[in-house]
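Below is one structure, written out as structure tokens; the observations come after it.
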Amino acid sequence: MSLAIRKIVTRVEDTWLEMGQAVTPPARRAAAVAVIGNPCAGRFHADLAALVGLSEEIGELLTRRALAALAVEAPAIQSFGKAAMIGENGELEHAAALLHPRLGAPMRAVLGGGKALVPSAKKMGGPGQSIDVPLGHKDAAYVRSHFDAMEVRLADGPRADEALVAIALSTGGRPGARVGGLTHQEIRGDDGLR
């Protein structure tokens, strides 16, 4: 089944100041969001392979878009995440199929690695509703400073027979993170946890 993209939106955030404190270097994150046709909308499908197949294509495309928006090379990315919101004629399991590990494989290929699980969020929704794309360290899930999220919202999507799919990338952790735990500089990056 071919990927039917209606729209792609890319958003970049640079945080320079947090609670009156300079953030040096600025905290940078980007989200690339696609609104796509949901080929399974409108009726029950026991086999969601069509959506799983689309996840590979959309994963690579959105990861490249987010990376380009940040204007950095892949090794500069420390965090990643993914999310999907399904329009009212679909079901939550459609989001799970779109966020299948086959979406994560092309993300990792574009980024040159990533040992940790890609955090994900799924929900049903419609135009103007938001979804938080969870972020976590790409090589070590226990790095608390990188537990974050980036909100995305599109005024006109997803429509009833569509899905919104988002990829978020960050060059660091939360601005002003100071709750302790494993740091980016201390990771081993060999098991996806530490």
Side-chain angles (χ1 to χ4, degrees), residues 7-35 58-59 61-85 95 99 103-104 107-108 110-123 125 127-158 164-194:
K7 175 184 276 195
I8 295 179
V9 175
T10 306
R11 176 178 166 205
V12 177
E13 292 181 7
D14 293 307
T15 302
W16 294 76
L17 196 65
E18 185 75 17
M19 290 297 293
Q21 305 298 306
V23 178
T24 307
R28 304 197 74 222
R29 57 189 183 180
V33 184
V35 178
I58 199 71
L61 175 64
L62 293 181
T63 304
R64 289 191 185 284
R65 289 283 184 119
L67 185 61
L70 287 169
V72 297
E73 297 296 321
I77 299 302
Q78 293 181 16
S79 296
F80 56 17
K82 59 188 178 179
M85 183 170 18
L99 298 179
L103 182 142
M107 285 180 71
R108 287 181 173 83
V110 170
L111 298 175
K115 299 275 187 186
L117 288 174
V118 183
S120 68
K122 305 156 193 66
K123 73 184 278 189
Q129 287 188 272
S130 66
I131 187 166
D132 289 339
V133 184
L135 286 162
H137 197 285
K138 72 178 185 63
D139 292 308
Y142 288 3
V143 179
R144 280 187 250 157
S145 59
H146 289 52
F147 296 169
D148 202 358
M150 185 173 181
E151 182 183 58
V152 298
R153 170 193 330 255
L154 297 181
D156 65 344
L164 179 152
V165 182
I167 298 289
L169 304 176
S170 178
T171 59
R174 295 183 312 279
R178 56 192 182 279
V179 294
L182 185 66
T183 68
H184 171 72
Q185 293 77 17
E186 296 170 335
I187 67 168
R188 291 190 311 266
D190 55 4
D191 63 1
L193 300 174
R194 295 182 163 81

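As the structure is a computational prediction, the values presented were derived from the model and not from experiment.
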Hey, what do you get for CG (Leu67) to OG1 (Thr171), rounding to the nearest 0.5 Å? 11.0 Å

Quick one: pull up CE in Met150 and OG in Ser79 and give me the separation to the nearest 0.5 Å. 12.5 Å

Dump the intermediate steps for side-chain contact (heavy atoms from CB on, under 4.5 Å) on Arg11 and Val33, then the final yes or no. CA-CA 8 Å; Arg11 176 178 166 205; Val33 184; over 6 Å; no

Are Ile58 and Leu103 side-chain neighbours, meaning at least one heavy-atom pair lies under 4.5 Å? yes

Electrostatic pair Asp139:Lys115 at N-O distance under 4.0 angstrom: no

What distance do Leu182 atom CG and Arg188 atom CZ have between them, rounded to the nearest 0.5 Å? 8.5 Å

Which heavy-atom pair separates Leu70 from Ile77 by the least distance, and what is that distance? CD1-CD1, 3.7 Å

Taking all heavy atoms of Arg108 and all of Leu117, pick out the closest pair and write down the distance. NH2-CA, 3.9 Å

Please report the C-alpha distance between Leu61 and Ile167 in whole Å, then the side-chain angles of each, then the deciding distance to 0.1 Å, and finally whether the side-chain contact (heavy atoms from CB on, under 4.5 Å) criterion is met. CA-CA 10 Å; Leu61 175 64; Ile167 298 289; over 6 Å; no

Are Phe80 and Leu169 packed together at the side-chain level, in the sense that at least one heavy-atom pair is separated by less than 4.5 angstrom? yes

Are side-chain heavy atoms of His146 and Leu135 found at a separation under 4.5 Å? no

Given Val165 and Leu62, is the side-chain contact (heavy atoms from CB on, under 4.5 Å) satisfied, shown in steps? CA-CA 9 Å; Val165 182; Leu62 293 181; 4.1 Å; yes

Heavy-atom nearest pair, Met85 first then Gln129, reads CE-O, 3.3 Å

Nearest heavy-atom approach of Leu99 to Ala84 is CD1-N, 3.7 Å

Would you say that more than 12 heavy atoms from the other residues, nucleotides or ligands in this model lie under 6.0 Å from the CZ of Arg174, or not? yes

Please report the C-alpha distance between Lys138 and Gln78 in whole Å, then the side-chain angles of each, then the deciding distance to 0.1 Å, and finally whether the side-chain contact (heavy atoms from CB on, under 4.5 Å) criterion is met. CA-CA 6 Å; Lys138 72 178 185 63; Gln78 293 181 16; 5.8 Å; no

Asp132 side chain near Val152 side chain, heavy-atom distance below 4.5 Å: no

Can you tell me how far OG of Ser170 sits from CD of Glu13, rounded to the nearest 0.5 angstrom? 9.5 Å

Rounded to the nearest 0.5 Å, what's the gap from OH on Tyr142 to NE2 on His137? Could you check? 14.5 Å

Is there a side-chain contact between Thr63 and Leu111 (heavy atoms, below 4.5 Å)? yes

Closest non-hydrogen atoms of Leu164 and Gly157, given as atom of the first, atom of the second and distance, are CD1-O, 4.1 Å

Minimum side-chain heavy-atom gap Thr15-Pro26 below 4.5 Å: no

Cationic N near anionic O, under 4.0 Å, Asp14 to Arg29: no

Rounded to the nearest 0.5 Å, how far apart are CD of Glu186 and CZ of Arg194? 11.5 Å

How far apart are the closest heavy atoms of Ile131 and Ala121, and which atoms are they? CD1-O, 4.0 Å

